[in-house]
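FYI, the numbering just counts along the sequence from 1. Heavy-atom basis, side chains included; hydrogens, waters and symmetry copies ignored.
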Amino acid sequence: EHDQAAAIEAVQRADAILPPDRQPATLRARRLATEAFAWASAGESSKAEEKAIEALSVLAEFRAAIAATDLRASTSELAVDVVHLLVDLLAEQNRYDEMVQVVDTARASITNPPPVKPPSDPDITPLLGSVRELASEAQGETSEEDAVPETLVEAERTYEAAVRPADRQRRDLTLPDDTIGLALMSGTERLIGVTIDGDSITPTSATPLDTLHGLLDELRASLVRPVEQWDGIVRITSSIDTLLIPQDLARDRPIVISPPAWMVTFPWTLLPSLRDRAVTVSPRLSNFVAADDLEADPPASALLVAGPHLETGIEELGRVGSSYTDAQTLIDPAAEREAVLAQLAATDVLHVACHARFRADNPLFSYLELSDGSLHVHELEGAGTVPDIVVLAACDSAAVAGTGLEFTGFVSVLLGLGVRTVVAAVSPVPDTATTSAVMASFHEHLSSGGRPSVALAEARRSAPDTPLGTLSAHTFQVFGWG
């Protein structure tokens with residue numbers, strides 16, 4: 001970035017050692033990123049953009065082939081600087097619609113990609129047959145050593161595109177008429193905000209990252225002792241609200257927020273202008289749009305789980321269960337891991353009230369505390385059919401790790417398994433009657449056909465207007481579709 005000549009020389013040395021088409025994916029991506037930054041430093045925006053998009057494409061192919069959630073999340077960090085560069089380049093040219101598409105595509109692996117189709121799939125069998133036929137013809141032709149006919153290369157590309165996930169393609173970002181979107185995208189030095197209303201995209205903010213990170217650090221420190229630090233929390237959230245949320249944002253519709261990974265678990269509804277709003281956090285707007293296209297009846301069945309060492313857990317499940325025609329309960333000591341996993345496929349809603357621990361050093365070993373021990377995040381990855389909606393009424397159950405384009409935690413794994421909506425806590429959950437009342441009210445509205453974000457917004461209104469009451473209501477956020 002700072003020495004164009006040295007950067008290009010490094011690329012040339014790498015190419016001399018190993019031709020680009022034989023380089024490992026991560027090396028090719030770094031090579032392309034180096035060229036992108038070199039061209040940007042030289043003021044050649046179009047060339048920088050071309051190389052940056054190539055780098056992201058290489059990384060997307062590489063990440064799609066990785067099955068392990070934590071490894072895929074770690075490799076996404078390679079793409080961060082490239083995405084920041086693209087955001088800067090597109091912002092300079094006021095190309096905000098393309099910026100939203102680029103960032104949405106770069107976040108493609110936030111949820112697990114769909115599985116690769118097997119060769120027996122009827123949709124791809126003819127394509128594989130074409131590859132075999134052309135390969136057979138190529139073997140009988142006289143050509144230069146190692147040369148591959150272009151027709152065979154094109155057939156292989158078509159086949160690979162069919163068997164691999166299509167998640168890296170441009171996807172529809174047109175939000176439903178009853179929802180407004182706010183996309184927040186990191187550049188090198190600023191967080192760019194745009195609103196999305198239907199198919200209209202409007203720039204709304206450009207917040208210096210240093211300023212925002214300073215406020216977030218203050219907020220995290222204050223939330224350690226929230227009741228005592230309440231005045232400070234109000235001041236900080238008001239400042240963040242002014243920086244990020246357009247004051248003319250339509251207030252009569254639910255809002256979906258698409259933030260970078262490091263703001264996924266921010267307590268959005270503590271912001272004054274979002275306090276009474278129906279808010280959903282969806283890292284990929286296109287996932288929200290796709291989920292909104294799916295029709296679903298109001299949930300009728302629920303699996304309700306209460307782990308050990310809770311003061312209000314049993315009472316909470318009793319109130320929640322009254323909202324469903326078919327409610328199964330697993331209360332300590334019956335709330336065992338195998339019992340929970342075995343019943344996931346037979347219920348519309350899973351509600352778990354328990355203690356939890358987030359492992360920042362190894363997020364896939366974060367766990368929910370059940371009667372017979374810990375239910376780890378990685379154990380959920382082996383689940384088959386999952387409920388449409390999962391509620392984790394556990395402290396910091398929404399906590400994630402990830403500084404790149406992706407994050408790892410209960411939320412990402414559940415969304416990746418196909419759960420449509422996750423309701424989880426972004427901070428400690430007060431074990432109080434207020435929390436139980438909010439959860440009971442949420443399920444009452446949900447089972448009556450309310451969208452999850454609307455149901456939670458209605459439930460929050462039942463909480464007392466005190467620091468503890470506000471925290472009890474606003475620790476829960478809706479992720480995915482709401």
Suppose we screen for side chain to side chain contact (heavy atoms under 4.5 Å, CB included). Which residues come up paired with [X], at least two apart in sequence or across chains?
{"X": "Ala356", "value": "Leu368, Ala394"}
{"X": "Ala221", "value": "none"}
{"X": "Ala440", "value": "Arg319"}
{"X": "Ala424", "value": "Leu392, Ser397, Ala398, Val411, Val422, Phe479"}

**Message:** Can a side-chain donor-acceptor contact be found between Ser273 and Asp241 if the only test is distance below 3.5 angstrom?
**Reply:**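 The criterion, which ignores hydrogens and geometry beyond distance, is satisfied for Ser273 and Asp241.
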
**Message:** Please tell me whether His474 and Thr269 have a donor and an acceptor in their side chains that are separated by less than 3.5 angstrom.
**Reply:** yes

**Prompt:** Do the charged groups of Lys47 and Glu35 touch, with an N to O distance under 4.0 Å?
**Reply:**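 No salt bridge links Lys47 with Glu35.
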
**Prompt:** Is the closest basic N to carboxylate O distance between Glu44 and Lys51 below 4.0 Å?
**Reply:** no

Taking side-chain hydrogen bond (donor to acceptor under 3.5 Å, both in side chains) as the test, write out the residues that go with [X], two or more places apart.
{"X": "Asp388", "value": "none"}
{"X": "Ser427", "value": "Thr475"}
{"X": "Thr435", "value": "Thr432"}
{"X": "Asp197", "value": "Arg253"}

**Prompt:** Just by distance, do the side chain of Thr347 and the backbone of Leu344 share a donor-acceptor pair under 3.5 Å?
**Reply:** no

**Request:** Could you list the residues that satisfy salt bridge (Lys or Arg N to Asp or Glu O under 4.0 Å) with Arg451, not counting sequence neighbours?
**Result:** Asp178

**Request:** Identify, with sequence neighbours excluded, every residue that meets ring-ring contact (aromatic ring centres under 6.0 Å, His included) alongside His351.
**Result:**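 If we apply the ring-ring contact (aromatic ring centres under 6.0 Å, His included) test to His351, skipping adjacent residues, the hits are His443.
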
**Prompt:** Excluding sequence neighbours, so at least two apart, what forms ring-ring contact (aromatic ring centres under 6.0 Å, His included) with His376?
**Reply:** Phe365, Tyr367, His378

**Message:** Going by salt bridge (charged side-chain N to carboxylate O under 4.0 Å, His left out), name the pairs with one or both residues in residues 461-470, residues two or more places apart or in two chains.
**Reply:** Glu458-Arg461

**Message:** Taking atom CZ as the centre, does Arg460 end up with more than 12 heavy-atom neighbours from other residues, nucleotides or ligands that are less than 6.0 angstrom away?
**Reply:** yes

